[in-house]
Structure formats: structure tokens, C-alpha cells
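First up is the structure itself, then whatever we jot down about it.
Being a predicted model, the structure only gives us computed values, none of them experimental. Order of the sequence lines sets the chain letters (A, B, ...), proteins ahead of strands, with each chain counted from 1. All values below were derived from every heavy atom in this structure, side-chain atoms included, with hydrogens, water molecules and symmetry-related copies excluded.
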Amino acid sequence: MRLTLKIWRQDGPDATGGFETYTVDDISEDMSFLEMLDELNENLQARGIEPVAFDSDCREGICGTCGLMISGLAHGPEVTTTCQLHMRSFSDGEEITIEPWRAHAFPVIRDLVVDRSAFDRIIQAGGFISVDTGAAPDAAATPVPKVQADRSFDTATCIGCGACVAACPNASAMLFLGAKVTHLGELPQGQAERNSRVVDMVAQHDHEGFGGCTNIGECAASCPKEIPLDVISQLNKDLRVAARARR
Amino acid sequence: MSSSIGLKWLMAVTGIVFLLYVLLHMYGNLKVLAGQEAFDTYAHHLREIGEPMLPYGGLLWIVRIVLIASIIGHVYAAFTLWSRSSSARPQGYAVKKSISSSLASRTMRWGGITLLLFVIFHLIHFTLVKPNFNSEADAAAVKESPYVMVSASFSLIWVVLIYTLAMIALGMHIYHGAWSASQTLGLTSTPRARTVAKTTAQVLAALIVVGFLIPPFYLYFSSL
Ligand code: HEM
Ligand code: SF4
Ligand code: FES
């Protein structure tokens, strides 16, 4: 395949960026999107051009570092992460625009790499359980009903990639927040801190400068882990319960 | 309360106040179909509810105050969140596609402003000034009888058209708003509850658009 790539280049956090256009040849349909970018970078390096900086780590869809805006879609046209996206999802001769996540809370570090530590600070604000859960055998002593266990597990699959923020017209992180709050709130161990967790995480979310949710649904549609919209309702409900308990 | 979810709460609760009001208003308008006497009596009777506990028109004023307070809260929350959302993404995308969002959900802000402008026009039209647009109607009768006032206006196609466009905007706002409010209030935490909320929002929106448009179209066609 031959592709035209319009890629956002930016030398540093404060530099003004812009688009550069490159062409790549002989791209196999079986390559992942990141392998295609590796190929581009080898070409660029051979020609003495600074390679395009992009983030990746596991390259198997579990770490959440690889997010890119690909022709206007977070993680591209399939329901998966950028690293798990294959070039067969594109056609020969296509022009692909590649941009970093755009959000005030996710500042660009370089080219396509953004700083997602705002998510870490949200987790630090309340996305944890501090009760002693004991050793492995103790797990059997705390039964969790199947329905709760399933919902907790499904929402625990959130990899913190930030696609929800990237796709949201308000740059809101409510899907991420909802996933974390639901994941911990469905478990017996999560109850002790349930009220303070939601209050503190929402406060940190707003403090980081993410926008408010308007229930538009682009987040859930872009999430590589298919976190459903009902976690945002759960989040709102938990916050309502917590606000009432405070009074 | 000033958190982004607190503001959404304010918007949802005030939105539901509007929704209830709009349903009652729509029901009242349908009395036009029963003819001049029934409609004029109804308009008069509205002002007598609660007498002598309340003064003449008292209940109407209570409703108006609640609505004014709600609109202030609703608009305040909408604009605060709007400005936060714009600063949450200072630099936009060169290419951005929508995958799942409805047109109604993406036009809540501009659609809301359209509704506010319409509400102002509507108040001038039928409550405050009652201008007589129809040269064939008797200006004094327009001020006297609500039925004459409404039917004089709705025999003009351009008035019918303005109201039709406004009701479509209202229907879209309610279509997304009613579902969004149930989500904001935390009532849709299961996929099933979400489907029910979306369907309810669709039915409500359709009911309100059709219900409000029956009287203008009825009056227009009977004036031909
Ligand atoms: C200046 C006028 C208005 C503006 C700027 C405005 C704006 C908005 C916005 C931005 C939302 C949030 C949408 C979302 O969450 O996606 C909303 C929700 C809503 N609006 Fe309005 N609106 C206005 C007037 C009205 C009127 C006249 C009604 C009466 C029917 C109404 C009923 C609702 C309802 C029921 C909601 C749902 C609350 C929620 O989203 O939780 N609005 N409005
Ligand atoms: S909710 Fe989905 S899109 Fe958002 S951070 Fe988690 S995995 Fe990524
Ligand atoms: S590189 Fe880890 S999820 Fe893509």
C-alpha cells in the first residue's frame, strides 16, 4: 500500500506545531498502525529527518499509552487501540491525518506524545482501596455476587488511554472516572471509601481542566475497551449519594 | 454544586421544571380546538385558580417566578459549562468525526439559545405587547379575546412557520435533554434503564412537537 500521512509535528511543549506531509510505500496490510509509523521513521532517519515521536509500550492493547487521533477518530476506525489497529483498515492511496489527543489537561510534549499524568493524579485522588485485602486465600472469604463481579471486571478493563477525552467535544473525562468509580464501587472492598472517592475524583477531574459531560456518547463509541455510558450515570448517582451523606 | 456534575444537576432539575410546564402549556393550547368560548374561559379560569386564597392571577405569577428562576439557573449552568468545555480544548482537531452522537445532542447550546430567543418573541407576541400582525383582524378584539388573538396570528403562514421551526428546535432539545437529565440524575445505570430513558425522551419530544403544532395548523387551515 502507498499512503499519504499528514502528521502533527511539534518540537516541544511550548513550540508552535504544524502539519507535515509524508508518503510511505510498500506498507503491508498485516502491519499494525505503529509498525507503519516505525517504517516511516526509518525512512525519515535515513533521509536525515527527525523521526516522529509517538508513544507506545505494550503494543498488545493493554497499557493505554498509544492513543492517536487518526483521521478524526480516536484510535482510528476500529474498536481497538492504535497498536492493535491494522493497515487493512485503510485503503491504498488513502490520506491519513494523524494528530495528538487534544485537551488542555493532556498537553503535547512532542509531536504526537501527550502528557496524560492528569489521569494519574485523578487516580491518586481516590481511585484506590486502602483497606487490607489480605493474602490470596482471603479472597475466597469475601464472596462477590456474580453480577457485581462481572460489572466490576468489565469496567476494570479501562486502560486509561484517554480516547474518551480525545473524542469528547467537551474534552470531558467522565467515562474514565465512571469506569474507575464503578470498578471499585461494585466490590465489597471498595465500600469504605466509596463516598470520598467519588467526591475527590470529580474535584480532581475539574481541577485538571477537563470539561463537563453532555451525555453525547462519543466517549463510549471511541473506547477501545467498550466501557458503556451507564458508568457515567453510576458516577452521577454515587456523587448524589455522597453529597447527601455529607449533609 | 459548582462542580461540573453539580452544574449538570442544576440544568437537569430546571430542565425538568420546563418540561412539566411545557406539557401543561401544550394541554392548555389544545383547548383552542374546543372553540372560542372554551378557550377564553380556560384562559380566564387560569387566573382564578386558588382564589380567594390567592389574588387574581396569583397562581400564574407563582408559576412565572419559578420559571424565571429556572431559566436563570439553566442558562447560568449552560454558559458556565460551555466556557469550561471551550477551555478544556483550547486547540481543536484539524479532522474530527462524530461516530455516535445525535444532531440533537450536538446542538443543545445553539438550539437552547434559539429557544431563548423564541421564548422572548413568544412572550412579546402573546403576553406582553400582543401586536396585531393581521390587518384583517380587529385590534381591540385581539387584546380582548385570547382566542381571537391566537387565531388572527395563526391565519398568517409566516407566523405558523416561525412556531413550527421553534417547536422542532424544542423537540430536539427535549429529545436529548430528557435522556441526558435522567443520565445526569443517575437514573440510567443499567443498559435497560438507558434504553427506557431514550425511548421516553423520544416519545416526550414527539408528543410535545405534535401537541404544540396541532392548534396553529388547525387555526391556519380553518382560516383558509
Ligand atoms: C438560553 C436557553 C437555553 C440554553 C442555552 C440551553 C442549553 C442547554 C444545555 C447546554 C443543556 C445540556 C445538554 C446536555 O447535557 O447535552 C440543556 C439541557 C436541558 N434543557 Fe436547555 N437550554 C435552554 C433553554 C431550555 C428551554 C426553554 C427548555 C424547555 C423545554 C430546556 C430544557 C432542557 C432540558 C429538559 C435539559 C436536560 C437537562 C440535562 O441535560 O441534564 N432548555 N439545555
Ligand atoms: S474509558 Fe475507555 S477510552 Fe476512556 S481511558 Fe478508559 S479505556 Fe480509554
Ligand atoms: S501500546 Fe499499549 S495499548 Fe497500545
Side-chain angles (χ1 to χ4, degrees), chain A residues 6 8 17 19 69-74 77 96-99 101-105 108 151 165-174 177 182 198-199 202-203 205-206 208-222 228-241 243, chain B residues 1-13 77-109 112 176-195 197-198 201:
Chain A
K6 259 184 77 183
W8 181 262
F19 284 99
M69 204 65 169
I70 301 168
S71 292
L73 297 169
I96 306 175
T97 306
I98 311 173
E99 296 175 76
W101 286 170
R102 295 280 187 210
H104 169 76
V108 172
R151 190 164 189 230
V165 174
C168 173
N170 304 301
S172 176
M174 292 295 172
L177 270 186
T182 309
V198 64
V199 171
V202 169
H205 167 278
D206 288 0
E208 296 290 349
F210 292 105
C213 174
T214 54
N215 299 314
I216 274 179
E218 286 296 319
C219 52
S222 307
L229 266 191
D230 49 63
V231 301
I232 298 182
S233 171
Q234 186 67 52
L235 170 77
N236 294 334
K237 186 176 172 186
D238 279 18
L239 189 71
R240 188 185 65 197
V241 171
Chain B
M1 195 67 215
S2 63
S3 80
S4 51
I5 299 179
L7 289 167
K8 283 301 307 266
W9 246 80
L10 180 60
M11 201 141 44
V13 172
F79 280 92
T80 310
L81 288 172
W82 191 346
S83 107
R84 283 192 202 172
S85 292
S86 336
S87 29
R89 176 163 298 131
Q91 175 155 20
Y93 294 103
V95 183
K96 177 74 173 75
K97 294 185 188 126
S98 300
I99 328 177
S100 75
S101 57
S102 64
L103 179 68
S105 73
R106 281 179 273 119
T107 51
M108 287 305 272
R109 289 163 184 157
H176 182 70
W179 127 255
S180 177
S182 36
Q183 175 90 345
T184 302
L185 299 177
L187 308 175
T188 44
S189 304
T190 62
R192 203 187 124 67
R194 180 150 42 107
T195 315
K198 285 209 161 171

Nearest heavy-atom pair of [X] and [Y]: which atoms, and what distance?
X: Ser100(B); Y: Gly217(A); answer: OG-O, 3.1 Å
X: Pro228(A); Y: Arg194(B); answer: CB-NH2, 4.0 Å
X: Gly212(A); Y: Leu81(B); answer: CA-CD2, 4.4 Å
X: Asp230(A); Y: Thr188(B); answer: CB-O, 3.4 Å
X: Thr214(A); Y: Lys8(B); answer: CA-NZ, 3.7 Å

Measure the CG-OG1 distance between Asn236(A) and Thr184(B) for me, rounded to the nearest 0.5 Å.
-> 5.5 Å
Could you grab the distance from atom CZ of Arg102(A) to atom CZ of Arg89(B), nearest 0.5 Å is fine?
->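 Here the interatomic distance stands at 9.5 Å.
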If I measure from the heavy atoms of chain B, does [X] come under 4.5 Å with its side chain, its backbone, both, or neither?
X: Ser71(A); answer: both
X: Ala166(A); answer: both
X: Arg240(A); answer: side chain
X: Ile70(A); answer: neither
X: Glu99(A); answer: side chain
X: Ile232(A); answer: both

Heavy atoms only, distances under 4.5 angstrom: which of [options] has the most pairs with chain B? Name it, please.
options: Arg151(A), Met69(A), Lys6(A), Lys237(A); answer: Met69(A)
options: Gly211(A), Ser172(A), Ala171(A), Ala167(A); answer: Ala171(A)
options: Ala74(A), Ala105(A), Gly209(A); answer: Gly209(A)
options: Leu239(A), Leu235(A), Leu229(A), Val165(A); answer: Leu229(A)

Between [X] and [Y] (side chain of the first, backbone of the second, donor and acceptor by atom type, cut-off under 3.5 Å), is there such a pair?
X: Ser180(B); Y: Asn215(A); result: no
X: Asp206(A); Y: Ser4(B); result: yes
X: Glu218(A); Y: Ser98(B); result: no

Side chain from CB out, backbone as N, CA, C, O: work out which of these in Ser87(B) comes under 4.5 Å of a heavy atom of chain A, or both, or neither.
->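 The backbone, not the side chain.
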Portion of Thr190(B) that has a non-hydrogen atom of chain A nearer than 4.5 angstrom =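 For Thr190(B), the backbone is the part near chain A, not the side chain.
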Out of Ala193(B), Pro191(B), Ser83(B), Ala104(B), which one racks up the most heavy-atom pairs below 4.5 Å with chain A?
-> Pro191(B)
Note, Met108(B) side chain near Ile216(A) side chain (heavy atom, < 4.5 Å) =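 SC-SC contact between Met108(B) and Ile216(A) ruled out.
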